[in-house]
*Asks:* 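Quick one: the structure is below, and I'll ask about it shortly.
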There are 2 protein chains.
Amino acid sequence: MAHATIRDVARAANVSIATVSRALNGHGNVRANLREHVQSVAAALGYVPHTGARSLSLARTNAIGVMLPDLHGEFYSEALRGIDAEASARGLQLLLSNMHGDQRGTETLRFMRGRVDALIIMAPDIDPERLLAHLPASLPTVLISCPDVSADHPQFRIDNVAAADAMVEHLVASGRRRIVHLSGPRGNRDAEERIAGYSAAMTRHGLSPRVLTGDFEEESGTAAAQALLGDTERADALFAANDMMAIGALVVFQRAGLSVPEDIAVAGFDDIPLARFVTPALTTMRVGIAEIGAEAVSRAAAILAGESDTEIRWVAPQIKARASTIGGAA
Amino acid sequence: MAHATIRDVARAANVSIATVSRALNGHGNVRANLREHVQSVAAALGYVPHTGARSLSLARTNAIGVMLPDLHGEFYSEALRGIDAEASARGLQLLLSNMHGDQRGTETLRFMRGRVDALIIMAPDIDPERLLAHLPASLPTVLISCPDVSADHPQFRIDNVAAADAMVEHLVASGRRRIVHLSGPRGNRDAEERIAGYSAAMTRHGLSPRVLTGDFEEESGTAAAQALLGDTERADALFAANDMMAIGALVVFQRAGLSVPEDIAVAGFDDIPLARFVTPALTTMRVGIAEIGAEAVSRAAAILAGESDTEIRWVAPQIKARASTIGGAA
DNA sequence: ATCGCAAATGTAACCGGTTACAGCAAGAGC
DNA sequence: GCTCTTGCTGTAACCGGTTACATTTGCGAT
């Protein structure tokens with residue numbers, strides 16, 4: 001049996017649809033016993049309002065669209081967790097759409113029009129023109145770690161340059177010299193900035209930068225570590241641009257009989273939950289992506305409430321120095 | 001500026017809204033050059049169809065509602081990842097709604113009516129009457145690990161009893177006798193069934209069951225391990241009802257100077273990605289929740305395509321014996 | 001030029017709600 | 001008893017699309 005509509009309720013209760021709407025939405029100007037009658041009829045029919053229709057006439061959906069690259073690995077899952085926590089606290093639903101690496105993904109943004117009140121986009125490796133072309137005109141949109149496409153949108157930007165620089169400082173301070181960087185994919189904003197910060201710090205210390213290119217997946221950490229094992233003069237530190245690559249490398253080093261951090265230090269980036277649990281615990285830069293996600297929802301909600309916000313909010317990652325870089329497992 | 005509507009396009013192109021609709025949706029019966037004209041006008045105006053309105057008249061949303069307990073910990077994140085992968089492969093969007101432990105969460109199901117074509121519900125600790133009361137009548141709904149409320153819905157059920165039994169067998173086979181079970185919260189279906197399987201196997205071997213009650217969170221693993229450390233005759237194996245509790249306990253044991261698995265074996269349940277990475281790697285039961293999530297989407301899609309499906313599909317977890325229970329770190 | 005028919009286009013109803021405005025009844029004030 | 005308010009209820013327009021059906025157009029055949 002199909003769902004009952006407001007007209008079915010009106011007919012069964014012998015009132016007009018306007019009255020049903022008012023009675024069920026608590027609009028005050030309905031006689032008390034009539035209101036109760038309508039409510040009981042609605043309950044008896046198992047009436048549930050059609051949210052789609054409702055939001056069409058209200059021009060309000062109580063939903064936020066979320067666009068992420070993918071859900072692989074803990075990083076974006078953590079982001080989504082933070083978004084979700086804040087959204088449900090505010091009674092908002094989430095409409096999810098992942099780009100899965102392919103640039104076509106932006107087109108799914110079109111399908112969000114009319115279904116959401118605001119948008120949260122996290123897309124570090126999207127083509128700027130593409131993003132700009134698909135960015136909806138009349139929808140509050142919070143950008144997290146996206147290319148610079150507009151000064152009109154509230155943004156979160158991670159200070160990758162300073163953070164990567166700080167990580168090199170940490171490694172140099174603990175006596176490392178041959179520090180290799182395993183980067184994320186070219187074209188990814190976070191990846192490029194981390195390379196820049198790494199290179200600047202290396203150069204400042206008179207060390208020569210060496211960058212291997214990875215793709216943020218565990219396997220590319222595995223591959224990079226195997227490559228390093230073959231070197232005649234082996235690196236004494238590997239700084240990976242995210243935690244999963246660092247962990248992939250860590251496992252390979254240990255399996256090859258090297259001890260971490262004595263033979264080689266390993267550091268990551270992001271501080272995903274997993275980082276604390278590997279042995280030795282992984283040194284990394286804490287980004288706090290779940291908190292950023294939650295805050296993004298708050299900013300979107302504030303804009304919906306009428307505030308204006310075009311601020312670029314900078315996030316400064318914090319170093320988490322753990323056993324994978326600081327020797328003497330004291 | 002507000003978004004352009006189909007009427008704006010029609011006016012600007014000097015045609016009727018019907019023609020615009022047909023031209024943009026590729027309905028064939030539009031003169032070729034008129035179609036192009038309409039398309040260029042639409043592009044010039046930055047017209048994007050209002051998906052909400054579209055799905056109201058089509059009675060089709062191309063979205064699936066997903067209801068999970070929460071996104072804490074990797075288990076449900078993995079489930080969502082599987083669901084998401086299959087959904088985007090099929091061009092479906094996901095509308096997310098978490099219950100966050102409180103039973104009120106089911107009410108958010110109401111807000112899904114009219115917004116989604118089908119529903120996937122994973123709710124091992126929901127009150128059956130509540131679930132039944134809020135289960136929408138006319139929406140394909142796939143249940144994963146839910147209480148028995150209906151024979152009319154496609155379901156996935158995890159064979160927790162057999163799996164917990166098998167884990168006890170594994171521990172007994174490796175010489176353990178004082179095997180303690182750290183359960184999930186009372187009222188949670190998975191938790192109760194794992195207790196049952198554990199108890200049955202223990203009794204069969206003439207061993208006395210001992211169950212500590214946890215809540216599936218890491219902290220309750222920590223607490224349980226601390227409690228066990230105080231025992232005079234200490235347990236020689238801890239079988240936790242999920243991986244996070246097992247890992248919490250593992251850390252405490254090691255910090256207290258015990259060696260795992262020599263002094264005490266530790267086993268979990270779920271095989272979350274993290275389980276492979278702790279040291280020693282965690283023995284666990286692989287549920288394959290991401291695959292289940294993906295399959296749930298496929299079943300929902302099949303029902304939407306007209307198939308009928310009221311099958312209860314049983315999932316048999318596979319044991320992953322790793323170093324946390326099998327001695328001799330060979 | 002006229003007719004017939006197929007193809008293209010327009011008109012209007014519909015999806016399921018909300019709400020401005022109109023209508024109506026009852027009570028207050030004279 | 002009559003008018004004026006006040007407050008409840010109903011009618012109908014609207015949100016932005018789709019599409020059945022009616023109408024117009026274009027073209028070939030006569």
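Quantities reported herein were computed from a predicted structural model and do not represent experimental measurements. To find a chain, count down the sequence lines: A is the first, B the second, and so on, and within it residues start at 1. Hydrogens, waters and symmetry mates play no part in the numbers below; they use all other heavy atoms, side chains included.
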*Asks:* Could you tell me how far apart E36(A) (CD) and dC8(D) (C1') are, to the nearest whole angstrom?
*Replies:*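 In whole Å, dC8(D) C1' and E36(A) CD are 16 Å from each other.
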
*Asks:* Between the side chains of D8(B) and R11(B), is the shortest nitrogen-to-carboxylate-oxygen separation below 4.0 Å, so that they form an ion pair?
*Replies:* yes

*Asks:* For N33(A) and dC8(D), what is the distance between atoms CG and P respectively, to the nearest whole Å?
*Replies:*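 For the pair N33(A) CG and dC8(D) P, the rounded distance is 11 Å.
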
*Asks:* Which whole-number value in Å describes the distance from D8(A) CG to dG17(C) C1'?
*Replies:*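 Rounded to the whole Å, the gap is 13 Å.
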
*Asks:* For a quick check of understanding: with a heavy-atom distance under 4.0 Å over all strands, which category does R113(A) fall into, base, sugar-phosphate or nothing?
*Replies:* sugar-phosphate

*Asks:* Would a distance-only check, ignoring hydrogens and angles, find a side-chain to backbone donor-acceptor pair under 3.5 Å from T61(A) to D117(A)?
*Replies:*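 Pair found, side chain donor or acceptor close to backbone of D117(A).
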
*Asks:* Taking salt bridge (charged side-chain N to carboxylate O under 4.0 Å, His left out) as the test, write out the residues that go with D148(B), two or more places apart.
*Replies:* R157(B), R189(B)

*Asks:* Could you tell me how far apart H37(A) (NE2) and dT9(D) (C1') are, to the nearest whole angstrom?
*Replies:* 15 Å

*Asks:* Look for any protein N or O under 3.5 Å of an N or O in nucleotides 18-23 of chain D and output each such pair with its distance, or none.
*Replies:*
unit_1	atom_1	unit_2	atom_2	d
dT18(D)	OP1	N25(B)	ND2	3.1
dT18(D)	OP1	R54(B)	NE	2.5
dT18(D)	OP1	R54(B)	NH2	3.3
dT18(D)	OP2	S21(B)	OG	2.5
dT18(D)	OP2	N25(B)	ND2	3.3
dT18(D)	O4'	S57(B)	OG	3.0

*Asks:* In whole angstrom, what separates R115(A)'s CZ from dG17(D)'s C1'?
*Replies:*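 So the CZ-C1' distance, R115(A) to dG17(D), works out to 13 Å.
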
*Asks:* Kindly give the heavy-atom pair with the smallest separation between N188(A) and F216(A), and that separation in Å.
*Replies:*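 It is ND2-CE1, 3.6 Å.
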
*Asks:* Atom CZ of R35(B) to atom P of dA7(C): distance rounded to whole Å?
*Replies:* 15 Å

*Asks:* If I compare all heavy atoms of T51(A) with all of M112(B), which pair ends up nearest, and what's the gap?
*Replies:* OG1-N, 4.3 Å

*Asks:* Looking only at the side chains, is there a donor atom on one of S77(A) and S77(B) sitting less than 3.5 Å from an acceptor on the other?
*Replies:*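 Side chains of S77(A) and S77(B): no pair found under 3.5 Å.
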
*Asks:* So which nucleotide from dG16(C), dG10(D), dA8(C) ends up closest to the side chain of N29(B)?
*Replies:*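 Among dG16(C), dG10(D), dA8(C), the one nearest the side chain of N29(B) is dA8(C).
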
*Asks:* Which comes earlier along DNA chain C counting from the 5' end, the contact point of S16(B) or that of V48(A), where each point is its nearest nucleotide?
*Replies:* S16(B)

*Asks:* Nearest 0.5 Å, what's the CD-CD distance between E311(B) and Q155(B)?
*Replies:*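 Atom-to-atom, E311(B):CD and Q155(B):CD are 10.5 Å apart.
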
*Asks:* L56(B) CG to dC14(C) C1': how many Å, rounded?
*Replies:* 9 Å

*Asks:* Does dA26(C) have OP1 or OP2 sitting under 4.0 Å from an N or O in the side chain of R31(A)?
*Replies:* no

*Asks:* Quick one: which of dT11(D), dG17(D), dG16(C) gets closest to the side chain of A53(B)?
*Replies:* dG17(D)

